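Throughout, a chain's letter reflects where its sequence line sits, starting with A, and its residues are numbered from 1. All of these numbers come straight from a predicted model, not from anything done at the bench.
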2 protein chains.
Amino acid sequence: MKKKDIKILLVDDEPDILEIVGYNLSNEGYQVITAENGSEGVKKAKKEIPHLIILDVMMPEMDGIEACEIIRKNPDLKNTIVAFLTARGEDYSQVAGFDAGADDYITKPIKPKVLVSKVKALLRRFKEEDVADTVKVGSLVINRDEYKITSKGKDIILPRKEFELLSLLASKPGKVFKRDEILDTVWGNEVVVGGRTIDVHIRKLREKLGDKSFKTVKGVGYKFVD
Amino acid sequence: MKKKDIKILLVDDEPDILEIVGYNLSNEGYQVITAENGSEGVKKAKKEIPHLIILDVMMPEMDGIEACEIIRKNPDLKNTIVAFLTARGEDYSQVAGFDAGADDYITKPIKPKVLVSKVKALLRRFKEEDVADTVKVGSLVINRDEYKITSKGKDIILPRKEFELLSLLASKPGKVFKRDEILDTVWGNEVVVGGRTIDVHIRKLREKLGDKSFKTVKGVGYKFVD
DNA sequence: GTTTTTTGGCATCACTTTTGCAATAATTTA
DNA sequence: TAAATTATTGCAAAAGTGATGCCAAAAAAC
């Protein structure tokens, strides 16, 4: 993968930090996206699917830990590396951060050279992961890179929302996902869509993968059965 | 679960690989067990019940595919994650591997960082899956996640209210729940439903789970007996 | 332009609650 | 104690409620 194809999402509420870090990374040739608080960060992460997210721990609206937890729940972002920005010596946040699914830490104050080399190191992993990233769940093979599902030897290309919905349901076969959960994960907490949206997508999936794979639990939600 | 409680079984015939991979994983704090061929791997897997098995595809004695198939047949190992070690571009083994029940792939040549992060990602899944929200009460298994009740080996899907009611009663077998209590818990204090509502639901449960399981205590309420 | 996503309106179905009455148990009274 | 009275629960069917399926069309994304 070329450098210019690598997206880095920067989330911090201090414009100064955003500027200095963003400048250094752009200079290195990376694509930099910024957000000023956790919820905006989560939103952009879902939209852009960056390769690396640098998250400030302390932010208004939604802090980094919380943002990271949400990000980690999104299957599309499972390959995304999350690094926290934290003041040196904040032991507490390190522990909480790793629990939330962080991959690494960058400590303030920020030294451009250190920052850049750390980012390079973190991203090195991507270059080698050009092998298709496939995960098997039950009878399905889910290929997140290609937005493609293999079911019983047949390849099925799914549009994004359908793919995400299936990914979620299939991530835990048998588990009933409540409509709220589904909306949170697939659509995002901020976005509000009408009540009929989910079942329309379920219908499409049923058309494509077979009716029996999706079970309705009235009053609760849907589940994928293997 | 703590890192040092996580067991990883490494199966490869090349001592070099065993060494480098083992070193890196131990360094991360995992418990590493090794085996040098498929049949030894299977043996150790059965004995140790590791959380993750990393299996080389090509080995003398018994190859990874075969070993995986055997492992997958063992119910004790049903929660174990199996990842294959494979040379890049070996498309054939990927397909065969998924068929054999593999969960993921790690490609050679091995880069320690990639390996470690992949292992972390795989095990992340484990943490979540372990907390399956199921409660065993006597002969019943109540699975809140799947909204499903297993009674004497039979799965029974219950409508929401019936499920909640049964959950409550079965939460303390033998205890008599007063009608008020039941209303409070299942229906909520605000909602007011007629007096006959509860026993209608009890009747449904009796139809589905057997008459003797529910005992009426006149003037007081109901109890679930095992 | 095409494809995907969302919406609103209905129809439908499943579940929930009510209703009326019968059956049963508890309590009172003769 | 037996009979009568009263309270409580069981039952079946009917009505009510709300959630879901489905369509076709509009809106948005590509």
Query raised in the report: Taking C-beta and beyond as the side chain, do A/Val119 and A/Asn24 meet within less than 4.5 Å on heavy atoms?
Result: no

Requested in this report: For DNA chain C, produce a single dot-bracket line, 5' to 3'. Pairs: Watson-Crick or G-U wobble, both distances under 3.5 Å. Symbols: ( ) within strand, [ ] crossing, | other strand, . unpaired.
Outcome: ||||||||||||||||||||||||||||||

Query raised in the report: How long is the gap from CG on B/Leu166 to CD1 on B/Ile149, to the nearest 0.5 Å?
Result: 4.0 Å

**Report entry** Nucleotide C/dT5, atom C1' - distance to CH2 of A/Trp187 in whole Å
**Finding:** 9 Å

Report summary line: Taken to the nearest whole Å, OH/B/Tyr147 to C1'/C/dA14 is 15 Å

Report task. Determine whether B/Arg144 and B/Phe163 make a side-chain contact, defined as any pair of heavy atoms from C-beta on separated by less than 4.5 Å. Result -> yes

Requested in this report: Could you list by number each residue of residues 203-222 of chain B showing a heavy-atom separation from DNA chain C of less than 4.0 Å, or answer none if no residue does?
Outcome: B/Lys204, B/Lys218

Report summary line: Contacted region of DNA chain D by chain B, from 5' end to 3' end of the hits, cut-off under 4.0 Å to heavy atoms, spans D/dT8 to D/dA12

Query raised in the report: With a 4.5 Å limit on heavy-atom distance, are the side chains of A/Asn37 and A/Asp13 in contact?
Result: no

Query raised in the report: Of all the nucleotides listed (C/dT5, C/dC15, C/dT18), which has the minimum atom distance to the side chain of B/Pro159?
Result: C/dC15

Query raised in the report: How many angstroms lie between OG1 in A/Thr197 and CD1 in A/Ile202, if you round to the nearest 0.5 Å?
Result: 12.0 Å

Query raised in the report: Tell me, do A/Val21 and A/Val32 make a side-chain contact under 4.5 Å, heavy atoms counted?
Result: no

Query - Spacing between B/Arg196 atom CZ and C/dT19 atom P, to the nearest angstrom - result: 12 Å

Query raised in the report: Which of these passes salt bridge (charged side-chain N to carboxylate O under 4.0 Å, His left out) with B/Asp199: B/Arg206, B/Lys204, B/Arg179?
Result: B/Arg179

Query raised in the report: Can you tell if the side chain of B/Lys161 reaches within under 4.5 Å of the side chain of B/Val186, non-hydrogen atoms only?
Result: yes

Report summary line: Taken to the nearest whole Å, CG/B/Leu165 to C1'/C/dT16 is 13 Å

